[in-house]
Amino acid sequence: MKTLTVSVVTPDGPILEDDYEMLSCKAENGELGILPGHIPLVAPLTINAVRLKRENTEDLLAVNGGFLEVRPDKVTILARSAEKASDIDVERAEHAKERASKLLESNNPNIDVMRAKLALHRAINRIEVAKH
Ligand code: ATP
């Protein structure tokens, strides 16, 4: 089976570099499935899971926005932050979820609603990816 090299990089450093048969993710324009030999493209990513398939296994990453760059034999994800499923601290994500939910429910006019929504979305994404 042909593979492509997937590299995930964040401002904190590299998160993953390995060979996979397929990558699926959610770009702002919709779901993308990338196989080796894909045409080059650059796409902004949503806060979502990135699925990496190889043989009979699937690795999951929580990717919290950023960009995907596809070349025929390589995919690079430049993410604002990203965690492998096994590196996610679920308790921390549950706390972040609760904090953001409370802020959004508070109706306090001084809160940055978009910021709280993004924090909630990151926390939910981490919890979902860790559960997989
Ligand atoms: P928190 O409020 O818990 O810090 P956050 O969504 O604001 O969450 P980010 O700014 O996205 O956090 O990330 C800051 C750093 O902490 C990144 O390196 C990110 O990978 C890491 N991180 C955040 N939440 C978790 C988690 N639940 N488990 C593991 N690493 C995490």
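As the structure lists them, so they are numbered: ligands from 1, and atoms in each ligand from 1.
Heavy-atom proximity to atom 29 (C) of ligand 1, evaluated over V90, I15, D87, L120, is greatest for D87. For the residues D89, L118, T10, the heavy atom positioned nearest atom 26 (C) of ligand 1 is part of D89. Among E94, R126, H121, E83, the residue whose heavy atom lies closest to atom 30 (N) of ligand 1 is E83.
In this structure, M22 and E58 have side chains that are not in contact, with every pair of non-hydrogen atoms separated by 4.5 Å or more. Between L52 and D18 there is no side-chain heavy-atom pair separated by less than 4.5 Å.
Heavy atoms of N64 stay at 4.0 angstrom or farther from ligand 1. The closest approach between any non-hydrogen atom of E91 and ligand 1 is not below 4.0 Å.
The salt bridge (Lys or Arg N to Asp or Glu O under 4.0 Å) pairs that include a residue from residues 22-45 number zero, where partners must be two or more places apart or lie in different chains.
Only the side chain of R99 comes within 4.0 Å of ligand 1, judged by heavy-atom distances. With a heavy-atom cut-off of 4.0 Å, A93 touches ligand 1 through backbone and side chain alike.
In this structure, the protein non-hydrogen atom closest to atom 18 (O) of ligand 1 is D12 OD2, 2.7 Å. At the top of the distance list for atom 15 (C) of ligand 1, counting protein heavy atoms only, stands R92 NH2, 4.1 Å. The protein heavy atom nearest to atom 6 (O) of ligand 1 is R122 NE, 2.6 Å.
Under the 4.0 Å distance rule, the nearest protein heavy atom to atom 10 (O) of ligand 1 falls outside the cut-off.
Residue V9 shares its hydrophobic cluster (ILVMFWY side chains chained together at separations under 4.5 Å) with L78.
More than 12 heavy atoms of other residues, nucleotides or ligands lie within 6.0 Å of CG in D112, so this atom counts as buried by the packing criterion.
Closest non-hydrogen pair, V50 versus C25, comes out as CG2-CB, 3.9 Å.
Atoms of ligand 1 found under 4.0 Å from any heavy atom of I88, numbered from 1 in the order shown, are 28 (N), 29 (C).
Of the residues R54, K53, H132, the one that meets the side-chain contact (heavy atoms from CB on, under 4.5 Å) test with D59 is R54.
One N or O on the side chain of N64 and one on the backbone of S81 form a donor-acceptor pair closer than 3.5 Å.
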